[in-house]
2 protein chains.
Amino acid sequence: MPSDKALDDILLGPADRTSPCAACDVRDVSICAVLDPDELKRLEKIVTRLAVQPRETIFCEAAPAEYLFNVTGGAVKVYKLLADGRRQITGFFFPGDFLGLAHLNKYAYTAEAIEEVRLCRFSRRKLEKMLEQYPKLEKHLLQTASNELASAQDQMLLLGRKTARERIATFLLALSERAKRHGRSGERVNLPMSRGDIGDYLGLTMETVSRTFTRFKNDGKVELTGARHVTLQDRQALCRLAGLVEDEPVSAVAGSL
Amino acid sequence: MPSDKALDDILLGPADRTSPCAACDVRDVSICAVLDPDELKRLEKIVTRLAVQPRETIFCEAAPAEYLFNVTGGAVKVYKLLADGRRQITGFFFPGDFLGLAHLNKYAYTAEAIEEVRLCRFSRRKLEKMLEQYPKLEKHLLQTASNELASAQDQMLLLGRKTARERIATFLLALSERAKRHGRSGERVNLPMSRGDIGDYLGLTMETVSRTFTRFKNDGKVELTGARHVTLQDRQALCRLAGLVEDEPVSAVAGSL
DNA sequence: CGGGACTTTGAGCAAATTCAACCATTGTGG
DNA sequence: CCACAATGGTTGAATTTGCTCAAAGTCCCG
């Protein structure tokens, strides 16, 4: 959803302009999907739309978790750090994803914009009040948490037991699945994040990521058209490597990836 | 809570016997803690108590998630497998832990008893009905999921970025914290699981686990009294290795570990 | 164009794995 | 009650995968 007032005037009729959420382009994949128009209006009252520039942090690990976010544009990485700077990216968040699930009122990780990011921001306190009146919302939150948990467990299997090639294959297929779910091709996959980010997500170094990409290219499994763009050429081989019987699962719904 | 009727007669007065949950020794750390006596009575009506022998599976990954469980005795390991048998244990569950969170109505992992395990089993269908009437319960379920998520993210950092020694140190401290929370010493730590299980949990081989234990012993960090029992001797050194500033966190509440 | 950030490639290295043998503990049957 | 088989744990040597350090190459963008 563009937060730009002028843009709203161009894109929306006057009726819709009173309800920007109703016209949000990620509405049907986001948490708002479960709300009816009346409820949506209440939600709008407590929402702030904002933009974050690349490399800016959205919130920091261990800070009081005052806000929750809905990503409406751009890509976000979330990570945890060790004292000496080693970093583990625990997820990437894209439009439609819900961000900011906390533990004991502290953020469990730092969130940082990769590209220019657009967000809907909710006060946790106010949202919690709404939760009491709309159990649907609470149920959906539980759903979101359970999705995130499922992908976290897949990721543990990847980090603990898969080889570098298996990790990269799994990663590319997950991105491809996500692109498909959002109506994009599924063969052409965009990589908004750097090689270093991919490494920190998969528990590898950027060098290993790079080498594995070139190896896949030489094997005819993928085509690399610029560093931030991959075309899957032998999906079946990638599935076999990733440990998927056939195409489907990877991480069925959003959450992280 | 013993499910044995005769044992109940011995241990409990007639008033308590009508409400075994009220006398459950993990009641105050488990999901039941949020229920008042009346609600507890309703819960009891839909609960089945059962015992599972070591190495028996409680449920299987990808099977329809018909039941939820509360562990009341013994230790459970939950894991995911790759086609060639590589295994990642995603968590250990102990008395008081809630087991069986599912994704898309399928279990996300296989659960297997390590020792003899005692469980309270709920039908998911019936519990969901109760959920609608007791929002407290739903809130607590969300809490449980969020705890599990937080430890899953800690585990990703461990699996992706920590060395073998750091992993083992983190593991021992987490077990120690749990023992403390349950009123046990915190220095003497019990290891109901095998070296292989520890390896599959930490993304290592059993040989590396074993070598690291002996190295810790030689360094005076721990004492090994029998394979399934460790005494922490230099907690500060272990904390430093684990990447903890001081003693506390690791994984603040249950969920897994 | 030129400069900076990111990516790729190469060579040597190291942590953890693999494979194999040995040891300890436990429980069972002779 | 002891011998011995079975299971799980430890130790060693060789190997390997992925890492580190270093240099060269690319791609944006102003």
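Below, each value reflects all heavy atoms present in this structure, side chains not excepted, and no hydrogens, waters or symmetry copies. Residue numbers begin at 1 in each chain, while the letters A, B, ... track the order of the sequences.
Distance A:His229 NE2 to C:dC6 C1': 18 Å, rounded to the nearest Å. With rounding to whole Å, A:Arg167 atom CZ is found 11 Å from D:dT17 atom C1'. Computed from coordinates, the A:Asp197 CG to C:dA5 P distance equals 16 Å when rounded to whole Å. Atom P of nucleotide C:dA14 and atom CZ of B:Arg165 are separated by 16 Å, given to the nearest angstrom. In this structure, A:Phe216 places its CZ atom 14 Å from P of C:dT8, rounding to the nearest Å. Atom CZ in A:Arg161 sits about 13 Å away from atom P in C:dA16, given to the nearest Å. Taking atom CG on A:Leu202 and atom P on D:dC19, their separation rounds to 11 Å, with Å as the unit. A straight line from CG of A:Leu204 to C1' of D:dT20 spans 15 Å, rounded to a whole angstrom.
Counting only residues at least two apart or on different chains, the side chain to side chain donor-acceptor pair (under 3.5 Å) pairs with a member in residues 209-219 of chain A are A:Asp219-A:Lys221. Identified under the salt bridge (charged side-chain N to carboxylate O under 4.0 Å, His left out) test for residues 183-193 of chain B, with sequence neighbours left out: B:Glu187-B:Arg235.
Under the 3.5 Å distance criterion, with hydrogens and angles disregarded, no donor-acceptor pair is assigned to the side chains of A:Lys80 and A:Thr90.
Listed by chain and number, the residues in a side-chain contact (heavy atoms from CB on, under 4.5 Å) with A:Ala113 are A:Val52, A:Val117 (sequence neighbours excluded). For A:Glu223, the salt bridge (Lys or Arg N to Asp or Glu O under 4.0 Å) test picks out no residue, with sequence neighbours left out. For B:Thr163, the side chain to side chain donor-acceptor pair (under 3.5 Å) test picks out B:Glu166, with sequence neighbours left out. Considering only residues two or more places apart in sequence or on other chains, B:Tyr79 meets the side chain to side chain donor-acceptor pair (under 3.5 Å) condition with B:Glu112. Under the salt bridge (Lys or Arg N to Asp or Glu O under 4.0 Å) criterion, B:Arg87 pairs with B:Asp197, B:Asp200, sequence neighbours left out. Residues satisfying the side chain to side chain donor-acceptor pair (under 3.5 Å) criterion with B:Arg165, sequence neighbours excluded, are absent altogether. Qualifying side chain to side chain donor-acceptor pair (under 3.5 Å) partners for A:Tyr67, counting only residues two or more places apart in sequence or in other chains: none.
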For nucleotides 22-27 of chain C, list the nitrogen or oxygen atoms of the protein found under 3.5 Å from its nitrogen or oxygen atoms, one pair per line.
none

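Each end of the helix from C:dC1-D:dG30 to C:dG30-D:dC1 gets its own rotation axis from five pairs of C1' atoms, and the angle between them is 30° to the nearest 10 degrees.
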Exercise. Just by protein heavy atoms under 4.0 Å, how would nucleotides 7-13 of chain D read 5' to 3' in B, S and -?
Worked result: -SSBBBB
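Aromatic ring centroids of B:Phe69 and B:Phe98 lie 6.0 Å or more apart.
Contacts of A:Gly203 with the nucleic acid, taken as non-hydrogen atoms under 4.0 Å apart, involve only primed sugar atoms and P, OP1 or OP2.
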